[in-house]
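Every number for a ligand or one of its atoms is a count from 1 in the order of the listing.
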Amino acid sequence: MTRTNENLAEGKLANQQADIDTIAAFSTPPGQSGLAVIRLSGPEAAAICDRLFRPYGDRFPLPSAMEGYTMAPGIWAEIDEVVLAAFRAPHSYTGEDVYEISCHGGNAVRQAILDSLINNGARPAEAGEFSKRAFISGKMDLAQAEAVMDLIHAESEQQTELAFAQLRGRLSQAVRLELDKLYGILAFLETLMDWDEEEARPEDRLQVSRDLVSSEESLKQLADSFRYGRIVREGLSIVIAGRPNAGKSSLLNSLTAHERAIVSDIPGTTRDTIEIDINMGGYLLHLTDTAGLAVKSDDPIEQEGIKRAQEALQSADLVLWVLSPPLGNPAELHDEMNTIREIQSRGQKLLLILGKDDLRATVTAEEDPASFAAEYLSDVPTIAWSAKREEDLASLRKILFSFIENDTLETDTKTDKTEEESSGHGIQSQTSAAIVTHSRHKALADKSLKQVLAARQAIDSGLSYDLIATLLRSAVESLAAMSGDDVSEKLIDTIFSRFCIGK
Ligand SMILES: Nc1nc2c(ncn2[C@@H]2O[C@H](COP(=O)(O)OP(=O)(O)OP(=O)(O)O)[C@@H](O)[C@H]2O)c(=O)[nH]1
Ligand SMILES: [Mg+2]
């Protein structure tokens with residue numbers, strides 16, 4: 001037996017959990033590529049590789065990069081020349097024996113190798129099964145496992161940074177810190193419960209109340225961080241709306257730096273919604289240009305366009321409403337105001353873009369959007385905009401950064417601050433702050449916050465320590481579910497089934 005085969009056989013001995021299946025899957029996507037990676041994990045992995053891998057032996061001395069890790073070039077049962085990397089339990093991604101076969105990336109080659117693994121005792125891995133095993137063997141907690149998938153799907157710099165921080169345990173550490181605080185309060189409550197009624201001191205109650213306020217604050221910060229976390233993970237949805245011919249498509253083109261949408265002076269040029277994703281300074285933006293609103297139309301195609309525009313508006317994080325000269329007639333202006341107010345009443349943010357500002361000198365006071373906005377929409381954040389002025393794009397970008405990072409529509413852009421300076425004051429600038437990016441985590445943070453709040457109200461109202469401890473235990477349970485302590489098997493299955501095969 002060669003050295004490689006000895007190593008493989010040892011791995012088998014080290015791993016005799018016969019009731020666990022050995023799983024195999026492609027870790028690289030289908031299609032032709034220079035290389036493809038096939039991953040194998042489980043108690044039989046070593047034995048299977050032992051049967052199918054023929055090392056070149058003395059021709060290539062076996063390199064040994066680190067403990068539990070060996071890599072050897074050889075032949076995979078006469079199919080291809082491959083490199084086999086062994087990550088021996090427990091020093092592997094899943095905590096089991098893991099073997100990675102790098103072969104040539106042709107469909108037939110990769111498939112033949114995977115088939116040979118299956119025919120020799122492995123079974124095809126389910127989506128996310130490798131990561132699920134990593135979670136079960138304690139290699140990472142649930143929040144970290146979820147970050148693996150986010151990192152794979154990350155398309156922007158900020159997405160990558162947040163997912164990586166979560167993978168490194170930033171969120172898990174923050175959760176653990178909060179859990180420790182709650183455990184501390186629970187322990188104190190236990191002591192108080194052991195004491196006799198006569199020994200009860202008001203300062204103890206005050207102490208518990210103060211500790212709960214501190215937990216409340218940190219949990220609230222965690223829950224609130226979801227606004228930013230969601231925007232980074234899912235992208236910011238911006239919908240451009242306004243009357244026909246207002247300059248909506250020109251605004252889209254300016255933001256994307258492409259002639260993406262057709263621009264013409266014929267009102268009704270854009271008939272369908274146009275969606276485009278851009279990366280702005282490391283953030284993902286989903287931009288939607290829409291057909292002109294606030295007009296009556298008998299044309300069924302135009303009507304459908306208006307319906308689609310209205311649907312797009314419903315899901316916007318931010319609406320850029322373009323109001324340009326010439327303004328509509330009084331009835332149209334009334335409709336336009338109503339739509340703006342409806343958007344605001346749904347709790348959505350809206351920035352009024354006073355378009356075609358370069359034409360301002362040529363329009364009368366009645367036609368001037370700025371005068372109209374000052375009189376009727378003075379509470380709405382507003383900027384003057386011309387598609388012909390480069391500095392206006394810089395100002396708009398500053399406003400968008402500030403909206404993402406600080407949740408404000410700060411329209412005073414007449415400062416000398418650069419884009420970088422004007423951003424970076426929000427939650428993301430606290431690089432050590434844990435940021436919630438998944439709605440599952442947000443719901444758990446909210447739930448646990450609610451329970452801590454109820455516990456604090458209970459203690460302030462003089463209710464029994466017993467009741468307060470019960471409420472706190474529920475808070476602990478909700479929080480612990482974030483990192484996956486004490487979560488049901490069904491939830492674990494649901495989370496990992498969203499992963500891709502091979503991860
Ligand atoms: N002077 C000036 N003209 C502009 C500006 N923005 C757009 N326009 C012109 O206004 C006309 C309409 O622009 P579009 O961007 O197609 O307007 P729209 O709102 O998308 O129009 P519809 O798709 O028909 O609803 C075009 O002739 C543009 O060149 C601007 O800032 N200044
Ligand atoms: Mg258009």
Completion exercise
What one should report as the nearest heavy-atom pair of L142 and R440 is CD2-NH2, 3.5 Å

Exercise for the section: Check if G355 has a non-hydrogen atom at a distance under 4.0 Å from any atom of ligand 1. Expected result: no

Problem - Identity and distance of the protein heavy atom lying nearest atom 5 (C) of ligand 1 - result: K356 CG, 3.7 Å

Handout entry: Nearest-neighbour protein heavy atom for atom 31 (O) of ligand 1, which is reported as residue plus atom name and distance
Key = A387 N, 2.8 Å

Fill in the blank from the handout: among protein heavy atoms, the one nearest atom 14 (P) of ligand 1 is S250 OG, 3.7 Å

Handout entry: Test item, I266 contacting ligand 1 (heavy atom, 4.0 angstrom)
Key = yes

Practice task
Would you mind running through ligand 1 and noting each atom that sits below 4.0 Å from a heavy atom of P267?
Solution key: 24 (O)

Exercise for the section: Give a yes or no on whether T270 keeps an N, O or S atom under 2.8 Å from the Mg ion (ligand 2). Expected result: yes

Practice task
Can you pull out the closest protein heavy atom to atom 25 (O) of ligand 1? Residue, atom name and distance to 0.1 Å, please.
Solution key: K248 NZ, 2.8 Å

Handout entry: Approximate separation, where rounding is to 0.5 Å, of L171 CG and T437 OG1
Key = 7.0 Å

Exercise for the section: Taking all non-hydrogen atoms of both residues into account, name the closest pair between L117 and W76 and its distance. Expected result: CD2-CZ2, 3.5 Å

Practice task
Examine T290 and say whether one of its N/O/S atoms is closer to the Mg ion (ligand 2) than 2.8 Å.
Solution key: no

Handout entry: atom 26 (C) of ligand 1: the protein heavy-atom neighbour that sits closest, reported with distance to 0.1 Å
Key = S264 O, 3.4 Å

Practice task
Please work out which of D265, D357, V263, V322 has its closest non-hydrogen atom nearest to atom 29 (O) of ligand 1.
Solution key: V263

Practice task
Give the atoms of ligand 1, by number and element, whose distance to some non-hydrogen atom of S386 is under 4.0 Å.
Solution key: 31 (O)

Completion exercise
Nearest non-hydrogen protein atom to atom 32 (N) of ligand 1, with distance, is D358 OD1, 2.9 Å

Practice task
Provide the number and element of each atom of ligand 1 under 4.0 Å from a heavy atom of L359.
Solution key: 1 (N)

Problem - Separation of F26 CZ from I38 CD1 (nearest 0.5 Å) - result: 5.5 Å

